[in-house]
Number of protein chains: 2
Amino acid sequence: MVDDSGVRPHNIRMSDPISLVFAALSDPTRRAILTMLLEDDMAVTDVAQPFAMSLAAISKHLGLLADAGLISQEKRGRVKWCKLEPDALSAASVWMQGFGQFEPVDLDALERFIESELHGDEPSD
Amino acid sequence: MVDDSGVRPHNIRMSDPISLVFAALSDPTRRAILTMLLEDDMAVTDVAQPFAMSLAAISKHLGLLADAGLISQEKRGRVKWCKLEPDALSAASVWMQGFGQFEPVDLDALERFIESELHGDEPSD
DNA sequence: CGCTAATTCAACCATATGGTTGACGATTCC
DNA sequence: GGAATCGTCAACCATATGGTTGAATTAGCG
């Protein structure tokens with residue numbers, strides 16, 4: 001048979017930094033987490049608080065966000081603090097600007113978005 | 001019991017529009033396709049041309065991009081034309097701007113990005 | 001009409017993702 | 001020291017993703 005000593009899967013999924021960032025942003029839970037971190041640094045348990053899922057799940061999400069460079073995590077004592085790292089967004093943002101035929105950021109829409117991400121289920125009005 | 005014979009998987013993966021857009025952008029092939037479409041509308045086969053993967057694979061990528069609203073596809077005769085729909089990016093872009101503590105878009109970096117996405121492997125000179 | 005080109009479909013495969021639970025390693029507190 | 005708290009790890013499950021191949025569909029061409 002073919003020498004499959006390498007047997008390496010025919011298909012290597014390599015993830016460049018931008019792909020990681022976009023992938024991280026593609027989940028609503030993670031976007032919500034980022035939005036929460038806009039307000040302040042938080043401990044993992046506190047991040048998990050509002051979500052209807054296990055701590056472990058949130059921990060994984062935070063891991064992905066950290067992998068993408070979108071947050072940093074610093075362990076002090078037994079609590080691990082999560083801090084937003086908005087710079088990681090810049091590469092992705094720059095990439096998107098290339099398609100910037102659309103209007104140059106509707107600040108009003110922006111506010112509504114942030115608002116709805118923060119407490120999306122409550123009728124804001 | 002409440003067992004709603006639908007045995008519905010405990011976990012429904014719903015994808016809001018923004019998630020779809022970010023997910024679509026999280027793949028380098030798809031970003032490359034979008035970049036190509038920046039230049040001009042293209043037929044599926046032509047899109048597939050530069051890539052080392054099957055037509056079917058590209059067709060699926062285009063499907064995802066269309067689902068996310070990032071492109072539209074119009075079939076004329078037997079060829080299907082793909083057209084960039086940059087407006088779909090605006091929601092995602094607006095979302096990202098909320099984290100806009102980073103510098104307001106380095107146009108130089110932008111050019112380099114577009115350039116490297118267009119023909120990343122060939123010496124551009 | 002029959003061929004060929006353009007594209008999708010269907011089945012399949014491997015790996016990634018998002019979630020669960022339960023055990024575990026640290027750390028703080030009494 | 002022992003118990004509670006913080007967080008991750010490991011194993012598991014279901015589904016999604018990214019790719020393949022080959023067959024089917026549809027449309028133009030000689």
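Candidate nucleotides D:dT8, D:dG19, C:dT20 were compared by shortest atom distance to the side chain of A:M53, and C:dT20 ranks first. Considering only side-chain atoms of A:H61, the nucleotide from D:dG18, C:dG18, C:dT8 that sits closest is C:dG18. Counting only heavy atoms from C-beta on, A:K80 has its side chain closest to D:dT8 among C:dT8, D:dT8, D:dG19. Ranking D:dC9, C:dG18, C:dA5 by closeness to the A:A56 side chain, first place goes to D:dC9. In this structure, the nucleotide among D:dG19, D:dA11, C:dA6 sitting nearest to the side chain of B:K60 is D:dG19. Of the candidate nucleotides D:dG19, D:dT8, C:dG18, C:dG18 has the atom nearest to the side chain of A:D27.
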Given salt bridge (charged side-chain N to carboxylate O under 4.0 Å, His left out), test A:K60 with A:D67 step by step and report yes or no.
CA-CA 10 Å; A:K60 282 203 215 169; A:D67 279 354; over 6 Å; no
Show the numbers, then the answer: is there a salt bridge (charged side-chain N to carboxylate O under 4.0 Å, His left out) between B:D16 and A:R31?
CA-CA 12 Å; B:D16 52 296; A:R31 288 198 307 278; 2.8 Å; yes
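Remark: P of C:dA5 and NZ of B:K75 are 17 Å apart, rounded to the nearest angstrom. Rounded to whole angstrom, the span from the CZ atom of B:F22 across to the C1' atom of D:dA16 amounts to 19 Å. When the P atom of C:dG18 is taken as reference, atom CD1 of A:I33 falls 11 Å away, rounded to whole Å. When rounded to the nearest whole Å, the span between CG of B:D46 and P of C:dA5 equals 14 Å. Distance CZ (A:R31) to C1' (C:dG18): 15 Å, rounded to an integer number of Å. Computed from coordinates, the B:L65 CG to D:dT17 P distance equals 13 Å when rounded to whole Å. If you measure from atom CG of B:L62 to atom C1' of C:dC9, you get 15 Å, rounded to the nearest angstrom. We find that CG of A:L55 is positioned 14 Å from C1' of C:dG22, with the value rounded to whole Å.
Neither OP1 nor OP2 of C:dT4 sits under 4.0 Å from any side-chain N or O of B:R78. Under 4.0 angstrom from either OP1 or OP2 of C:dG18 there lies at least one side-chain N or O belonging to A:R30. In terms of phosphate contacts, B:S54 brings no side-chain nitrogen or oxygen within less than 4.0 Å of OP1 or OP2 of D:dG19.
Residue A:M36 comes nearest to A:D46 through the heavy atom pair CE-O, 4.2 Å, listed as atom of the first residue, atom of the second, then distance. Closest of all the heavy-atom pairs between A:A23 and B:S26 is N-CB, 3.4 Å. For the pair B:S72 and B:E85, the tightest heavy-atom approach, listed with the atom from each and the gap, is OG-OE2, 2.9 Å.
Where A:S26 and B:V79 each meet DNA chain C at their nearest nucleotide, the meeting point lying more 5' is that of B:V79. Heavy-atom distances to DNA chain C give each of A:A57 and A:A23 a nearest nucleotide, and the one nearer the 5′ end belongs to A:A23.
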